Novice: 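What follows is a structure written as structure tokens; I'll ask about it next.
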Protein chains: 2
Amino acid sequence: MSTSSRFAVAVHVLTLMAWADEEPLKSEQVAESVNTNAVVIRRMLCELAESNLVVSQTGSMGGSKLARLPERITLLDIYQAVESRGVFSLHRHPPNPDCPVGVNIGTVLNEVLDEVDSAVERVLANMTLRDVVSRLQPCVSTTTGKRATVLAHSKRKQATRVQSVSARN
Amino acid sequence: MSTSSRFAVAVHVLTLMAWADEEPLKSEQVAESVNTNAVVIRRMLCELAESNLVVSQTGSMGGSKLARLPERITLLDIYQAVESRGVFSLHRHPPNPDCPVGVNIGTVLNEVLDEVDSAVERVLANMTLRDVVSRLQPCVSTTTGKRATVLAHSKRKQATRVQSVSARN
DNA sequence: AACGTCTGTAACAACTATAGTTACAGTTGG
DNA sequence: CCAACTGTAACTATAGTTGTTACAGACGTT
């Protein structure tokens, strides 16, 4: 299907900001957690800002933070901000209009694909960023009672990219 | 999202065969309706054959037809035959394991994405090829009482490809 | 006002998946 | 044997995403 990882990365980025509470994060910090280039993050932040999910501050001491509370941001909001098209596409080239099937299959397919898109959107609308953060918590050691800092800030110049793919890819 | 048209084309192809009833169709005929190259169709037919949705016959007078009745083929069967991966992907490169969010976001995302995939599959499981053909019927003139042949078989050597994209693309 | 640290963005290279094309070996009915 | 098919390899073309470098502009700090 050649799906993109844009949604996954966007959720990751916003989760970091929810985790960081109100403190603005720099694109460089976010990129280090996502394991990508800071420009990729900034590009995505622009899209998220256009959808009013984050606010950014230029200049020294700048950075980005959530535009509203995590419980008021659904995964559907995020999906719509970064994934422009529906789950499936129709034919690259329109089918043959001289064929009784070809001329009408698009209409029927569109109905089906709309149903699919709606089903996806219903699922995503039912989960907020806050839910994601909550599901994250049990995985993280909370023995100190203090929330761990977002990044361990290891002195490694550049994390060697682990090339093995995750289960989904 | 960069979704592929594989599912749409596969449904189109199988709909043609349901429409043609038991008569085997040649890849060339199918390609003319889909408006693409016959090899593209043959490649897809191989995948559909591996999933036991069609049977093909080599040699002269050969062709492909449905392996079972259209009411016994769901859109989920088709989807699984031609779309290998889920709707979304995770990160291309694994996130930074030194970050408390990065190390755990994959687990949470996988749960969410599994929910999305399940929702899509539920929708697709609820519609059969027969349903698609039924939805197609009202669009087609049936004044003669005879079902129109699958292809008008215009003598045009090669249909000029209409390059304008359909609404979904 | 100059400086250092940020974001925003353009421009382009690299990578990936799909789609399209040509070519040909192998199968089968006549 | 021949003509008409499928199956498949090998390649090119196309398109979207991702990665990278470079730099203009914003904005605290001094």
Side-chain angles (χ1 to χ4, degrees), chain A residues 1-10 12-13 23-32 34-50 54-65 82-86 88-95 158-159 161 163 165 169, chain B residues 1-10 12-13 23-32 34-50 54-65 82-86 88-95 158-159 161 163 165 169:
Chain A
M1 172 168 290
S2 143
T3 49
S4 79
S5 64
R6 298 170 61 76
F7 177 65
V9 171
H12 185 156
V13 168
E23 194 201 353
L25 297 181
K26 295 171 220 167
S27 63
E28 201 66 56
Q29 292 177 283
V30 175
E32 195 172 347
V34 175
N35 192 17
T36 187
N37 191 291
V39 175
V40 173
I41 299 300
R42 291 207 288 270
R43 266 199 299 243
M44 182 162 281
L45 285 172
C46 288
E47 294 180 65
L48 294 171
E50 275 170 25
V54 304
V55 286
S56 296
Q57 181 70 227
T58 60
S60 182
M61 296 285 98
S64 305
K65 58 175 191 168
V82 301
E83 299 275 9
S84 43
R85 293 165 305 180
F88 296 110
S89 298
L90 287 189
H91 307 57
R92 250 170 54 165
H93 307 292
Q158 170 74 38
R161 285 233 174 104
Q163 289 293 344
V165 291
N169 292 334
Chain B
M1 173 167 289
S2 139
T3 49
S4 79
S5 64
R6 297 171 61 75
F7 176 65
V9 171
H12 185 155
V13 168
E23 194 200 353
L25 297 181
K26 296 170 221 168
S27 62
E28 202 65 58
Q29 292 177 284
V30 175
E32 196 172 346
V34 175
N35 192 16
T36 186
N37 191 290
V39 175
V40 173
I41 298 300
R42 291 207 289 272
R43 267 198 300 241
M44 181 161 281
L45 285 172
C46 288
E47 294 179 64
L48 294 171
E50 276 170 25
V54 305
V55 286
S56 296
Q57 181 71 226
T58 61
S60 183
M61 295 285 97
S64 306
K65 60 175 191 169
V82 301
E83 298 276 9
S84 44
R85 292 164 307 175
F88 297 109
S89 299
L90 288 190
H91 308 57
R92 233 150 86 148
H93 306 293
Q158 172 73 37
R161 286 235 172 103
Q163 289 293 345
V165 291
N169 292 334

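Treat the numbers as computed from the prediction; the structure is a model and nothing was measured.
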Novice: Should B/Ser56 be listed as having a side-chain N or O under 4.0 Å from OP1 or OP2 of D/dT6?
Specialist: no
Novice: Give me the distances for all protein-to-nucleotides 10-15 of chain C N/O pairs that come in under 3.5 Å?
Specialist:
| residue | atom | partner | partner atom | Å |
| --- | --- | --- | --- | --- |
| C/dA11 | N6 | A/Arg43 | NH1 | 3.3 |

Novice: With a cut-off of 3.5 Å and sequence neighbours excluded, list every side-chain donor-acceptor pair involving residues 39-48 of chain B.
Specialist:
| residue | atom | partner | partner atom | Å |
| --- | --- | --- | --- | --- |
| B/Arg42 | NH1 | B/Ser27 | OG | 3.1 |
| B/Glu47 | OE1 | B/Arg6 | NH2 | 2.7 |
| B/Glu47 | OE2 | B/Arg6 | NH2 | 2.5 |

Novice: How many whole angstroms separate atom NE2 of A/His91 from atom P of C/dG20?
Specialist: 11 Å
Novice: Looking at every heavy atom in both B/Glu83 and B/Phe7, which two are closest together, and how far apart are they?
Specialist: OE2-N, 3.4 Å
Novice: Can you measure from NE2 (A/His91) to CG (B/Asn35) and round to the nearest 0.5 angstrom?
Specialist: 9.0 Å
Novice: Could you check whether B/Ser64 gets within reach of a base, just the sugar-phosphate, or nothing at all, counting any heavy atom under 4.0 Å?
Specialist: nothing
Novice: Let me know the distance between CD of A/Glu50 and P of C/dG8, rounded to the nearest Å.
Specialist: 10 Å
Novice: Between P on D/dG19 and CD1 on A/Ile41, what's the gap in Å once rounded to a whole number?
Specialist: 9 Å
Novice: So does B/His93 get a side-chain nitrogen or oxygen closer than 4.0 Å to the phosphate oxygens (OP1/OP2) of D/dG19?
Specialist: yes
Novice: Give every pair of a protein N or O atom and an N or O atom of nucleotides 23-29 of chain D that lie under 3.5 Å apart, one pair per line with the distance.
Specialist:
| residue | atom | partner | partner atom | Å |
| --- | --- | --- | --- | --- |
| D/dA26 | O3' | A/Thr58 | OG1 | 3.1 |

Novice: B/Met44 CE to C/dG20 C1': how many Å, rounded?
Specialist: 13 Å
Novice: Between atom CG in A/Asn37 and atom P in C/dT7, what is the gap in whole Å?
Specialist: 12 Å
Novice: Is any side-chain heavy atom of B/His12 closer than 4.5 Å to a side-chain heavy atom of A/Pro95?
Specialist: yes
Novice: Report yes if at least one side-chain N or O of A/Ser5 is closer than 4.0 Å to OP1 or OP2 of D/dT17; otherwise report no.
Specialist: no
Novice: Could you tell me the separation between the CG atom of A/Leu25 and the P atom of C/dC6, rounded to a whole number of Å?
Specialist: 12 Å
Novice: Provide, to the nearest angstrom, the distance between the CG atom belonging to B/Leu45 and the P atom belonging to D/dC5.
Specialist: 15 Å
Novice: What is the distance from atom OG of A/Ser56 to atom NZ of A/Lys26, rounded to the nearest 0.5 Å?
Specialist: 14.0 Å
Novice: Looking at OG of B/Ser64 and CD of B/Gln29, how far apart are the two atoms once the value is rounded to the nearest 0.5 Å?
Specialist: 10.5 Å
Novice: Among the nucleotides D/dG7, C/dT7, D/dG19, which one has an atom lying closest to any side-chain atom of A/Thr36?
Specialist: D/dG19
Novice: Flag the pair A/Val55 / A/Lys65 as yes when at least one side-chain heavy-atom distance between them is below 4.5 Å, and no otherwise.
Specialist: yes
Novice: Rounded to whole Å, how long is the line connecting atom CD of A/Glu47 with atom P of D/dT18?
Specialist: 10 Å
